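All heavy atoms count here, side chains included; hydrogens, waters and symmetry mates do not. In listed order, ligands and their atoms are each counted from 1. Treat the numbers as computed from the prediction; the structure is a model and nothing was measured.
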Amino acid sequence: MAAEGKLAVVPDQAPPMLKAPVEPAAQEHLRLLQGPFWQRMPAYAAVSEAEFLDHRWQAKHSITKIPKLLEALRGLVSDDFIKDAEAGFARAPMSVRVSPYLLSLIDWSRPYEDPLRLQFIPLASRLLPDHPNLDLDSLHEREDMPVPGLTHRYFDRALFLPLDTCPVYCRFCTRSYAVGIDTEEVAKFQLKVNAERWQQAFAYIRARPELEDIVISGGDVYQLRPEQITEIGETLLAMPNIRRFRYATKGLAVMPQKILTDDAWTDALTRVAEHGRALHKEVVIHTHFNHPREITWITEQATNKLFERGVIVRNQTVLQRGVNDTVPTMQLLVKRLAHVNVHPYYIYMHDLVKGVEDLRTTLQTGLDIEKGLRGLTSGFNTPLVVVDAPGGGGKRDAHSYEHYDRSTGISVYTSPNVHPGKLYFYFDPVDLLPAESQRRWRDPAQAAAMIDAARVAAAQPRAQP
Ligand code: SF4
């Protein structure tokens, strides 16, 4: 202790460390893929940085025909893999579109396990039978459409689908009932850009004073022309009832180049966001990264540009088996998103989507991941794990189930603000259940009995702690 009236002499040494030094692995989120990584692929070995950053080059060289994709992969993967992918596409509900950026992020030395390949290129050998309770529009978006392409489910917000095309097509798309062109498996519900349909949607939104919040999705707003971004944005901003809206695009994750080099598009979006701020209305982007490797130096440049312009970006991840279903992978994704100023907003339990049962996992996995994320970083950068209740219940906190039987894989939710009194059922993939439950799911009478039992259990009053 210092003698009274005298200042203590502070020795010239570092302050005591209460925590052990940080291991380099703990800061993995800072190490984004650098350099001309696309040149590792023979098809892009001679592509310069200027070309690769050009959004027109990316769009022009995006692969939309299966033979072309398989041709680009020849020499990189085995013939068996090519045959497997060919057969996989023949059974897929989604059409093909993959950007060169995305193809160059896949580790082609491990194509079977690669988490990006898994999301975009189906392999027949890995496909599983659909869950017995699956239907093509699992969220029942069409039931809540007062006009085609406008879903009004929640009290104060609506989902507007102005178009049905995307910069890439994902295997797991919830809207495979509408998005992309027809496949051998699915004839699509048409949601093309159409002035009359848009006007009907705008008239409905204008006529409903309770609507304050609009999600503009698709398809993907990346595919809208700049003047269409402006038309939708300014029309909504002019409505007194609208307080906020979000442009939804997967573009940042699959083609960040557009933000950097499509000045007309990025400027149109920025002007709407700035006009919104002047009117005290919120205009943001919602995007869709699923794996930390999808975030590169190019992404960082794109998100920096949006951040400098004051455009907020939030992310919605889909929990997928083999892609991001472990705590370390999801931790890395969350930290990396925060690093590039993208708010990790939601992690969705995978919807029951046709042809992608191999990508779904159990609700328990989602609950475990939530536990592994909470406290990792600030609360506003910690995503909420949600189940988008099949049958139109909307998003439910994954923990808020009324009942969850881990052996039958059935969880039951209610949605008091959407349909009071109605029960919604979510189903774990059958192949991850105990053998006895798998056997019961194969028998329709037993399956119905399991669902009835879950319905009864969900209605029981919960024990008070
Ligand atoms: S970008 Fe979105 S809407 Fe388009 S296919 Fe992928 S998940 Fe579906």
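Those atoms of ligand 1 with a heavy atom of Cys170 less than 4.0 angstrom away are 1 (S), 5 (S), 6 (Fe), 7 (S). For ligand 1, the atoms sitting less than 4.0 Å from at least one non-hydrogen atom of Gly219 are 3 (S), numbered in the order shown with element in parentheses. Near Cys173, meaning under 4.0 Å from any of its heavy atoms, are these atoms of ligand 1: 3 (S), 5 (S), 7 (S), 8 (Fe). Set against the non-hydrogen atoms of Met94, the atoms of ligand 1 under 4.0 Å away are 5 (S). Those atoms of ligand 1 with a heavy atom of Lys250 less than 4.0 angstrom away are 1 (S).
Side-chain contact, Thr151 with Asp144: no donor N or O sits under 3.5 Å from an acceptor N or O. For the residue pair Tyr345/Asn381, the side-chain donor-acceptor check at 3.5 Å is not satisfied. Asp431 and Gln438 are not linked by any side-chain donor-acceptor pair at a separation below 3.5 angstrom, with hydrogens and angles left out of the test. A donor and an acceptor atom, one from each side chain of Thr64 and Tyr169, are nowhere located under 3.5 Å apart.
A cation-pi arrangement is absent between Arg197 and Phe160 under the rule of less than 6.0 angstrom and at most 45 degrees off the ring axis.
In this structure, atom 2 (Fe) of ligand 1 has no protein heavy-atom contact shorter than 4.0 Å.
Among the backbone and side-chain atoms of Cys166, no N/O/S atom is found under 2.8 Å from atom 8 (Fe) of ligand 1.
When each of Arg171, Glu294, His291 is checked for a side-chain hydrogen bond (donor to acceptor under 3.5 Å, both in side chains) with Gln119, only Glu294 meets the rule.
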